[in-house]
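Everything below concerns the one structure shown next.
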Amino acid sequence: MQTTVNTLLKTGVEGLDSVLGGGFPTKRVYLLEGKPGCGKTTLALQFLLEGVRQGETCLYITLSESTEELKAVSASHGWDLTGLHLFDLPIEEQLSSDAQNTFFHPSEIELGNTNQAIMNQIVKIKPSRVVIDSMTELKLMSQSPIKFRRQVLAFKQFFNAQNITVLLLDDKTASISDEEIQSIVHGVIKIEQLAPEYGSERRRLMVTKLRGVSFRGGFHDFTIRKGGVHVFPRLIAAEHGVDPTSAVISSGIEGIDQLIGGGVERGSSTLVMGPAGSGKSTIVLQYAYQAAQRGEQVAVFTFDEGVRTILARTKSLGINIEKYVESGKMTIQQVDPAQLSPGEFVSLVREAVDKNSAKVIVIDSLNGYLNAMPEERFLIIQMHELLSYLSQMGVATFLVVVQHGILGAQMETSVDISYLADNVFLLRYFENAGMVRQALSVVKHRAGPHERTIREFSFSRNGIAIGQPLREFQGILSGAPRIISNSEMNNTK
């Protein structure tokens, strides 16, 4: 049966609602499973507290934690549990003295008492939302997959008769297969907690089943901070888009604009590559500075430099971005890759575009972004989606990649995404007359023709200076060029 928007319950987690297509269909039974410590209890409390905010009667039945422990979790997030019914059902109290002198196995008596206590509490309170924490205790009391399956089916029929939306928690520590319950419930959410070799833990969730609803598949990163669970839905670029203009944006430096064929197109991505210290960040910040001067919103995400360092360095070059940072026209956010998941970073970029209307995005550098990835093979896919999204939103994106090495043409990058970018700037050091100098060229401009020369550039208190094409040199990209004769020069024309 196709559900409608009116039959969806908000979960209290905005990102999860987006993943679910709006929320949980009402009067259904759902399974939330994950190992201990991954965030099941926190998410379940948010689900019930959202119901309380909506004026619903909500019940949390705990078989494994005490109400005091639940209150401690709530207090850590600043939540008030007033209006939420808590039912603590300790397993050790389920066996009465009479139950010890019976022909039945104690677990059977315990299971029967537990089931009856749960149903009595639901009939008494008449809630519309219920959480049972955790199904592992019922698995252990059931002792066999058949008995447990029958128990879950009985619960399901009882809940349906009471018109209740139920969230069952399972910590996956019992030996009975999870498939016994997954095949019965209407929806399944799996939660994982990953431990990278360095940095904080990473959490992600995936909806593996949701009957009657088109949900967003795949893994979605999430974090637990003060205030609860924050889910970052996986970005699907095809779901977004505006009609970008065909205008180009200027760097404010005539020589750079000449190299790129007049300017960088809106909705395009520009990759600036080169060795450390060659001026990559300064070039992209020059574009950001010009955009802010035009009155556009700019967002800079820096993985490698601190905000103060950026402000001091650009000021010394005559690029005074500090006034735009103070006015809010430009934001500079330092990103710690050891503490940030890729999904959370994408959500920061989306917030800059969707909520703050940023027209220029700077990511400095992709090497830092790579360090934020738990597995490198996913970087290309995620970056492709992010660049596609920014392109469809008409945002000009500037990416910095640091190449390994200082001199020479055989420098390497940690990851090659040059084929994804619309424009590619290449920076190089080269030696001449006992001095180390810098060269700039454009090796790719997807939107049209561009200048194919190599120009020297330099920095001073007056800003960026771009020289004339270095036609008298051969081998600049190798790092050790030689001066060519007039005849050789004529032959290259």
Worksheet item: How many angstroms lie between atom OG of S251 and atom CZ of F398, to the nearest 0.5 angstrom?
Response: 8.5 Å
Worksheet item: Hey, does T42 have a side-chain heavy atom less than 4.5 Å from the side chain of V73?
Response: yes
Discussion item. Given V300, which partner from the list I321, I332, V325 fulfils the side-chain contact (heavy atoms from CB on, under 4.5 Å) test?
Written reply: I332
Worksheet, complete the sentence: Nearest heavy-atom approach of D171 to S134 is OD2-OG, 4.2 Å
Worksheet item: Taking Q438 for the side chain and S278 for the main chain, is one N or O donor matched with an acceptor at less than 3.5 Å?
Response: yes
Discussion item. I'd like to check Y289 versus T314 (side-chain heavy atoms, cut-off strictly below 4.5 Å). Are they in contact?
Written reply: no
Worksheet item: Do F457 and I253 have side chains that get closer than 4.5 Å, going by heavy atoms?
Response: no
Fill in: Contact check, side chains of L259 and T453, non-hydrogen atoms, under 4.5 Å
yes
Worksheet entry | CD/E239: more than 12 non-hydrogen atoms of other groups inside 6.0 Å | yes
Fill in: Nearest heavy-atom neighbours spanning K40 and K35
NZ-O, 3.3 Å
Worksheet item: Between Q382 and P342, what is the shortest heavy-atom contact and its length?
Response: OE1-CB, 3.4 Å
Fill in: Check: L387 main-chain N/O paired with S391 side-chain donor or acceptor under 3.5 Å
no
Practice prompt. Measure the shortest side-chain to side-chain distance between L49 and L84 over non-hydrogen atoms and say whether it is less than 4.5 angstrom.
Written response: yes
Fill in: R428 side chain to I476 backbone, donor-acceptor under 3.5 Å
no
Fill in: Euclidean distance, T57 OG1 relative to H85 NE2, rounded to 0.5 Å
5.5 Å
Worksheet item: Within the side chain of H445, is there an N or O that forms a donor-acceptor pair under 3.5 Å with the backbone of I260?
Response: yes
Worksheet item: Under a 4.5 Å cut-off applied to non-hydrogen side-chain atoms, are V152 and M135 in contact?
Response: yes
Item to complete: Please work out which of the three classes, parallel, tilted or perpendicular, describes the rings of W79 and H77, given edges at 30° and 60°.
Response: parallel
Worksheet item: Atom CG in L8, atom OG1 in T165: separation rounded to 0.5 Å?
Response: 10.5 Å
Discussion item. As an exercise, state the distance from OH of Y60 to CZ of R129, rounded to the nearest 0.5 Å.
Written reply: 15.0 Å
Response to the item:
So CZ of R446 and OG of S269: to nearest 0.5 Å the spacing works out to 7.0 Å
Discussion item. Using a 3.5 Å distance criterion without hydrogens, assess whether the side chain of K329 forms a donor-acceptor pair with backbone atoms of G295.
Written reply: yes
Fill in: Under 3.5 Å: donor-acceptor pair, side chain of H220, backbone of L205
no
Fill in: Within the 6.0 Å centroid threshold, strictly below: Y30 and F47
no
Item to complete: Determine, stepwise, if the pair L20 / V207 fulfils side chain to side chain contact (heavy atoms under 4.5 Å, CB included).
Response: CA-CA 8 Å; L20 296 172; V207 180; 3.8 Å; yes
Worksheet item: Does Q297 use its side chain to pair, donor to acceptor, with the backbone of G328 at less than 3.5 Å?
Response: yes
Discussion item. I need the single residue from V362, I361, D364 that forms a side-chain contact (heavy atoms from CB on, under 4.5 Å) with F301. Which is it?
Written reply: I361
Worksheet item: Crowded around K444 NZ? As in, over 12 foreign heavy atoms under 6.0 Å?
Response: yes
Worksheet item: Under 4.0 Å between a Lys/Arg side-chain N and an Asp/Glu carboxylate O for R53 and E50?
Response: yes
Item to complete: Decide if atom CD of E14 counts as having more than 12 heavy atoms of other residues, nucleotides or ligands within a radius under 6.0 Å.
Response: no
Discussion item. Using modelled atom types and a 3.5 Å cut-off, is there a donor and acceptor pairing between side-chain atoms of K209 and backbone atoms of Q182?
Written reply: yes
Worksheet item: What is the minimum heavy-atom distance between L427 and G279, and which atoms define it?
Response: CD2-C, 3.7 Å
Discussion item. Between T302 and T309, does the side chain to side chain contact (heavy atoms under 4.5 Å, CB included) criterion hold? Intermediate values first, please.
Written reply: CA-CA 11 Å; T302 172; T309 303; over 6 Å; no
Fill in: Polar side chain donor-acceptor pair, Y389 to E385, under 3.5 angstrom
no
Practice prompt. Take N423 and H450 through the side chain to side chain contact (heavy atoms under 4.5 Å, CB included) test and state the conclusion after the steps.
Written response: CA-CA 10 Å; N423 315 304; H450 61 91; over 6 Å; no
Worksheet item: Which is it for L399 and T270 under the side chain to side chain contact (heavy atoms under 4.5 Å, CB included) test, yes or no, and what are the steps along the way?
Response: CA-CA 6 Å; L399 314 164; T270 301; over 6 Å; no
Worksheet item: Which value, rounded to the nearest 0.5 Å, describes the distance between K156 atom NZ and R28 atom CZ?
Response: 8.5 Å
Worksheet, complete the sentence: Between L167 and L32, the two heavy atoms sitting closest are CD1-CB, 4.2 Å
Discussion item. Whether the side chain of K359 engages the backbone of G394 through a donor-acceptor N/O pair (distance < 3.5 Å, no angle test) should be reported.
Written reply: no
Worksheet item: Can any side-chain N or O of D80 pair as donor or acceptor with the backbone N or O of T82 at less than 3.5 Å?
Response: yes
Worksheet item: Would you call K190 and E192 a salt bridge, using N to O less than 4.0 angstrom?
Response: no
Fill in: Close side-chain approach of V353 and H240, heavy atoms under 4.5 Å
no
Worksheet entry | K27 NZ: over 12 foreign heavy atoms closer than 6.0 Å | no
Worksheet item: So do the side chains of M393 and D354 get within less than 4.5 Å of each other, counting heavy atoms only?
Response: yes
Fill in: Candidate list R225, R202, R350, test salt bridge (charged side-chain N to carboxylate O under 4.0 Å, His left out), partner E344, passing option
R225
Worksheet item: What's the shortest heavy-atom distance between I454 and A439, and which atoms?
Response: CG2-CB, 3.7 Å
Practice prompt. Ignoring hydrogens and angles, state whether a donor on the side chain of T282 or R313 is under 3.5 Å from an acceptor on the partner side chain.
Written response: yes
Worksheet item: For D221, which residues count as a side chain to side chain donor-acceptor pair (under 3.5 Å) partner, sequence neighbours excluded?
Response: none
